[in-house]
Protein chains: 2
Amino acid sequence: MLTIGKLGEAAGVKVPTIRYYEQIGMLPPPERSQGNQRLYTGKALDRLTFIRHARDLGFPLEAIRELLGLSDTPNQPCAAVDQIARRQLAAVKARIARLTALEAELERMLEQCGCGNIADCRVIEVLGNHELCAHDHAASEDKA
Amino acid sequence: MLTIGKLGEAAGVKVPTIRYYEQIGMLPPPERSQGNQRLYTGKALDRLTFIRHARDLGFPLEAIRELLGLSDTPNQPCAAVDQIARRQLAAVKARIARLTALEAELERMLEQCGCGNIADCRVIEVLGNHELCAHDHAASEDKA
DNA sequence: CTTGAACCTATAGCTACTAGAGCACTTAGG
DNA sequence: CCTAAGTGCTCTAGTAGCTATAGGTTCAAG
């Protein structure tokens, strides 16, 4: 039986995050000690490790919830699992594409700046006038 | 003089967002009509366009606030502007690097999945066990 | 004059946590 | 046995950058 601190250490998750996961139903409420402290089993550690890893791979909590549900039905075909992973991969690819465009635009801006006065700073100028942009980076979602 | 709707249309920013920007001090409170409706000048449009564009390039609002402050002092050297842009570029590069690692990991996971039962689904297995990963994608910040 | 679109304020919600206040419990040393 | 440090508890509020909703007012066209 693990205290919340040990569990967090073992899974690489901060203690408040574990309580948060419990609160939103990602982790089942564990047993409590006589003094009302949470006591976790190895199963809880597995589940939390799974969550942590999926989070590291960028899966949103909702997707992880689905994956956890699916992993409880081992005899089903894994097409649904695949689909979630593919969706995530597509999201990652889209973000990379967008960020690469931003990177190019930022580099162009910086190269062109002669670093004189702000009055003729290329960075400020470009920001004020989209026409000066090489690409159309104006898509929404995934700012930064 | 533009109403908030026209302003939003012209700058490509939604109306509630404009009001939000005013609330947090990114835009000065404009004049009001007799009926208490906001009336904007061309200057406000310039400022909002600047904000919009910088947001599209991923600058956080705090950085944009700095840039707007700097653009009001045109006779200063633009080193400070450059520094903000460079910081943003570095952040974008870091995100791209991280996302590229995630992309590789997700692709590896999906390739290896024979798409049979969930019981032997590679995706579920990898998520449960970090040891099966090729890279160390466990850095924090910028999930997804 | 009436209708409908566009405006107003205020509040709450979104993701995924993180930080803080103010307590209770647990454990190792004396 | 006692005490102090460390860990745990609950609850609330805050982060970024909006978005949505409710319930009301104003404006422009017909």
Side-chain angles (χ1 to χ4, degrees), chain A residues 1-27 29-40 44 48 50-68 88 91 95 138-144, chain B residues 1-27 29-40 44 48 51-66 68 87-88 91 95 98 138-144:
Chain A
M1 287 302 208
L2 300 158
T3 62
I4 197 169
K6 298 293 174 197
L7 178 72
E9 205 175 328
V13 175
K14 285 178 193 154
V15 167
T17 303
I18 298 173
R19 288 195 278 247
Y20 169 72
Y21 284 162
E22 180 182 331
Q23 191 191 315
I24 63 170
M26 293 289 295
L27 288 175
E31 286 181 61
R32 299 287 183 127
S33 72
Q34 284 193 323
N36 198 34
Q37 302 197 346
R38 289 170 179 83
L39 291 178
Y40 292 94
L48 183 56
F50 184 100
I51 296 172
R52 164 77 209 277
H53 197 187
R55 285 297 295 133
D56 282 343
L57 284 168
F59 287 87
L61 286 176
E62 268 322 296
I64 298 171
R65 222 188 273 271
E66 284 185 72
L67 289 170
L68 283 165
Q88 172 62 14
R95 289 196 168 109
S140 60
E141 195 209 1
D142 180 21
K143 314 288 188 171
Chain B
M1 286 302 208
L2 300 158
T3 63
I4 196 169
K6 298 293 173 195
L7 178 72
E9 206 175 324
V13 175
K14 287 179 192 150
V15 167
T17 304
I18 298 173
R19 288 196 277 249
Y20 168 71
Y21 285 162
E22 179 182 330
Q23 192 192 314
I24 63 170
M26 292 291 292
L27 288 176
E31 284 180 63
R32 299 288 184 126
S33 73
Q34 284 193 323
N36 198 34
Q37 303 196 347
R38 289 171 180 82
L39 291 178
Y40 292 94
L48 183 55
I51 295 171
R52 165 76 208 279
H53 196 187
R55 285 297 296 132
D56 282 343
L57 285 167
F59 288 86
L61 286 177
E62 269 321 298
I64 299 171
R65 221 187 274 270
E66 285 185 70
L68 283 165
R87 206 196 302 151
Q88 173 61 14
R95 289 195 170 111
R98 170 150 170 76
S140 60
E141 195 209 3
D142 180 24
K143 316 284 188 172

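So that the names make sense, note that chain A is the first sequence line, chain B the second, and so on, each numbered from 1. Values below: every heavy atom of this structure, side chains too, minus hydrogens, waters and symmetry copies.
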**OP:** Note down the inter-axis angle between the two ends of the helix from C:dC1-D:dG30 to C:dG30-D:dC1, five pairs each, to the nearest 10°.
**Re:** 10°

Subject >> Polar side-chain atom of A:Q88 near backbone of A:L57 as donor-acceptor pair, under 3.5 Å >> reply: yes

Original post:
Taking only N and O in the side chain of B:R55, is any of them less than 4.0 Å away from OP1 or OP2 of D:dC18?
Top reply: yes

Subject >> Residue pairs, two or more places apart or on separate chains, that pass side chain to side chain donor-acceptor pair (under 3.5 Å) and touch residues 6-15 of chain A >> reply: none

Original post:
Residues in side chain to side chain donor-acceptor pair (under 3.5 Å) with B:R19, at least two apart?
Top reply: none

Subject >> Sub-4.0 Å heavy-atom contacts from residues 7-24 of chain B onto DNA chain D, ordered by number >> reply: B:K14, B:T17, B:Y20, B:Y21

Subject >> Partners meeting side-chain contact (heavy atoms from CB on, under 4.5 Å) with B:A11 (sequence neighbours left out) >> reply: B:V13, B:L45, B:L48, B:T49

**OP:** Apply side chain to side chain donor-acceptor pair (under 3.5 Å) to A:R65 and list each qualifying residue two or more places apart in sequence or on a separate chain.
**Re:** A:E62

Original post:
Can you name the side chain to side chain donor-acceptor pair (under 3.5 Å) partners of B:E22, sequence neighbours left out?
Top reply: B:R38

Original post:
In whole angstroms, how far is the P atom of C:dC7 from the CG atom of B:L2?
Top reply: 11 Å

Please list, pair by pair, any protein nitrogen or oxygen found under 3.5 Å from a nitrogen or oxygen in nucleotides 20-26 of chain C.
{"residue": "C:dT26", "atom": "OP1", "partner": "A:G35", "partner atom": "N", "Å": "3.2"}

Subject >> Below 4.0 Å: OP1/OP2 of C:dT9 and any side-chain N or O of B:R32 >> reply: yes

